[in-house]
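Below: one structure, written as structure tokens.
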Amino acid sequence: MLDQDQILSSLNAEQAAAVSAPANQHMLVLAGAGSGKTRVLVHRLAWLVEHDGISPYQLLSVTFTNKAAKEMRNRLETAFGMPTTGMWIGTFHGLAHRLLRMHWEAAGLKENFQVMDADDQHRLIRRIMKEHNIDESRYAPKSTQYYINEKKDALKRAHAIEPMGRKESVMHQIYTEYEAYCQKNGMVDFAELLMRVIECWQRSPELLAHYRERFTHICVDEFQDTNEAQYTWLKCLFGGDNTFMVVGDDDQSIYGWRGAKIENLMRYQQEFSPVNVIRLQQNYRSTQTILSAANAVIERNTGRMGKSLWSDRGEGEPLAVYNAFNEIDEAHFVVASIQAHIERGRQANEFAILYRSNAQSRVMEEALMMSGTAYRVYGGMRFFERQEIKNTLAYCRLLMTPEDDTAFERIVNTPARGIGERTVQIIRETAQIEHLSMWESAKRLIQSQTLTGRAQNALMRFIELMTTCQVLIDDQPLAEQVETIIHQSGLWSMYQQDKGEKAQAKRDNLSELVNAAQSFKQSPEDDEIAPMMSFLSHAVMEAGEVQADVHTPAVQLMTLHSAKGLEFPVVFIVGLEERLFPTFNAMDDPDKLEEERRLCYVGLTRAMEKCYLCHAESRQQFGKTSLMRPSRFIREIPQEMKRAVRMQSTIRRPALRH
DNA sequence: TCTATGGTGATTTTT
DNA sequence: TCACCATAGA
């Protein structure tokens, strides 16, 4: 264990002030980009334990991503040798899930409730719409999904909503049905996790009192990203005696469109008053020029809490602005510049190409591919979201919870076994009329004479298959269960029949799933639950990036959104054009425009040494060529911080199409 | 049940 | 343009 002086020794004055503030004082740490906020958070927790004699058992630390939660736990253990077993560190959703597993009864859930991901939710909504004969082309399931999540994030149940107009009435009706269906079948979506816990606490004050007393110190990361539900969740835990430290940056709030409320920062200041506000403005990442440019852009926003980053890393170079002829020319410029840097000794992994929308990656990829530069695109399909993985997990789910109709529908005919749409429809209808699960009605149907002989046979074989599986996996360890299911279900042979790299990749992923099950460690609090149930929840909540060959250095391609929290020596921000970035939708909405500006600020502050800004005069969009005007964000950077540049390579490729 | 074809519509996505 | 669907026909 380190002593108190050592905890403070590596910090600057503001960081030290935040870390060593009195233990009973609420704090708001406004942490600029690259100002060491995780450092402050971790050191604060260590300080509370060391200096104030707080037990880790009394600490609660909330983050948004699993990655951030993992990093925090790691750093506490490695830097301070702090035992974190009794400490609650996790994401809002992860912690809520844990609470619901412990208090499922008080929360009015089934013991074996299942967590749905966005895809499951989408399928379920579509199914409900079909059942009610709602025309999908007139009412997009996606908008209904969005509607439901928006309401849930704002803690609004269907019965508490007065729908306005025809369209909302339809969506509201689906919401009502959806709610009832989830309750009946023990399905819980992401928003529900938080909402349930809040309702449960509000209903059982003794339960809430227990957690209020237990968690004397609560830390929250990325507070600017909290939505209504998350704020209320935290507010519930505030009992008057415990102390909060929230860390955030109003200038980096870029998830307003997902319900994040930047106002929560101000609200926190009022509702937890008095709050000690500390600003971390020294940046340890970028050159002063890059920071001045970022400051100049973000200063245009109104209603900021006020902050200005500075650095002692020297002036550095001006930002390079490239005016491309079109998006292909832009990509060639980026690649040529990267190669010029590499020739001067940089590694491929020191570069990031950031764009507003994923569609922009394609042209970049083509140019990188042609030049033979290694690259990696972030934000693709995640491991547990892949089709073959979800199919396998659906078998697992159906075996664990036969009432899981979503799982049933997904795999009843995957691989194809002669149970067509007509048969499924009959099962669905029977289930609806008899108030049964699809699995139950399928079992009944094979006893009756409702189906044609062929369909009845196929269905019978499916039910036998599942029953056999159930017996086989009964006392197997988790990984073997998964393996049994992959083979018994016929999924393995299905992907074996398909030739080509795609099928091979799918088989590899299935093997990887067995490995994931093998190395899955059930958390000790979950020991009451079947390992498979924990594993399924884990799969939903930690969908996991695909970490393909992280060892070869590669240029990183990602959206500006997914770059938040990362840093790179050299950053290219591409497509800086009006109606692309800022996006067309933000053009006549001042609030959206400010969010775009914050996104630009996030992008600029990713760069450590060198930042390139690119825009094209014309760009192919949706099959049409449009003329583009340079983004206002380029103009908002003072002239003396920028320099116009040309193609860096001697082998200039023709930029014209065809 | 599989495959071909045509219509549609198109940011950002921590859980 | 292109990817994702839903539907029609084999």
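A quick note: this is a predicted structure, and the numbers were derived from the prediction, not measured. Note on naming: letters A, B, ... go to the chains in the order of the sequence lines (proteins, then strands), and numbering restarts at 1 for each one.
Residues satisfying the side chain to side chain contact (heavy atoms under 4.5 Å, CB included) test with A:Ala539, not counting sequence neighbours, are A:Phe384, A:Leu393. Residues passing the side chain to side chain donor-acceptor pair (under 3.5 Å) test with A:Tyr181 are A:Arg127, A:Asp405, sequence neighbours excluded. Residues satisfying the salt bridge (Lys or Arg N to Asp or Glu O under 4.0 Å) criterion with A:Glu385, sequence neighbours excluded, are absent altogether. Listed by chain and number, the residues in a ring pair (Phe, Tyr, Trp, His ring centres under 6.0 Å) with A:Trp104 amount to none (sequence neighbours excluded). Residues that satisfy the side chain to side chain donor-acceptor pair (under 3.5 Å) test with A:His538, not counting sequence neighbours, are absent from this structure. A search for side chain to side chain donor-acceptor pair (under 3.5 Å) contacts involving A:Asn264 returns A:Thr226, not counting sequence neighbours. Every residue two or more places apart in sequence or in another chain that forms a side chain to side chain donor-acceptor pair (under 3.5 Å) with A:Thr559 is listed here: A:Ser562.
For the pair A:Arg382 and B:dT15, the criterion of a side-chain N or O lying under 4.0 Å from OP1 or OP2 is met.
Regarding A:Glu222, its CD atom lies at a distance of 13 Å from the P atom of B:dT14, rounded to whole Å. Spacing between atom CZ of A:Arg258 and atom P of B:dT13 amounts to 10 Å, rounded to whole angstrom units. As a whole-Å value, the separation of A:Glu421 CD from B:dC2 C1' is 15 Å.
Residue contacts for A:Gly565: at a heavy-atom cut-off of 4.0 Å it reaches no nucleic acid atom on any strand shown. Residue A:Ile419 is classed as a sugar-phosphate contact, given heavy-atom separations below 4.0 Å to backbone atoms only.
Within residues 140-150 of chain A, no residue has a heavy atom under 4.0 Å from DNA chain B.
Nucleotides C:dC5 and B:dT12 place their C1' atoms 23 Å apart, quoted to the nearest Å. Taking atom C1' on both B:dT11 and C:dA6, the two are 25 Å apart, rounded to the nearest angstrom. Between the C1' atoms of C:dA3 and B:dT14, the separation comes to 26 Å (whole Å).
In this structure, A:Tyr255 has its ring center under 6.0 Å from that of A:Trp257. Ring centers of A:His103 and A:Tyr211: under 6.0 Å apart, within the cut-off.
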List every contact pair, protein side and nucleotides 6-8 of chain B side both N or O, where the distance is under 3.5 Å.
none

Could you list all N or O pairs between the protein and nucleotides 10-12 of chain B that sit under 3.5 Å apart?
from, atom 1, to, atom 2, distance (Å)
B:dT11, O4, A:Asn585, ND2, 2.9
B:dT12, OP1, A:Asn358, N, 2.8
B:dT12, OP1, A:Asn358, ND2, 3.3
B:dT12, O4', A:Arg356, NH2, 3.2
B:dT12, N1, A:Arg356, NH2, 3.4
B:dT12, O2, A:Arg356, NH2, 2.2

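In this structure, A:Asp153 does not pair ionically with A:Arg258, as no charged nitrogen and carboxylate oxygen lie closer than 4.0 Å. Salt bridge annotation for A:Glu192-A:Arg196: present, with a cationic side-chain nitrogen under 4.0 angstrom from a carboxylate oxygen. Taking 4.0 Å as the cut-off between side-chain N and carboxylate O, A:Arg632 and A:Glu577 do not count as a salt-bridged pair.
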Donor-acceptor pairs under 3.5 angstrom involving side-chain atoms of residues 32-39 of chain A: please list them, not counting sequence neighbours.
from, atom 1, to, atom 2, distance (Å)
A:Ser35, OG, A:Gly32, N, 3.2
A:Ser35, OG, A:Gly32, O, 2.7
A:Lys37, NZ, A:Asp221, OD1, 3.1
A:Lys37, NZ, A:Asp221, OD2, 3.4
A:Arg39, NH2, A:Ser10, OG, 3.0

Can you check side chain to side chain donor-acceptor pair (under 3.5 Å) on A:Tyr375 and A:Glu365, steps first, answer last? CA-CA 8 Å; A:Tyr375 68 91; A:Glu365 286 184 66; 3.2 Å; yes
Give the dot-bracket line for DNA chain B from 5' end to 3' end: parentheses for intra-strand Watson-Crick or G-U pairs under 3.5 Å, square brackets for crossings, | for inter-strand pairing, dots for unpaired. ||||||||||.....
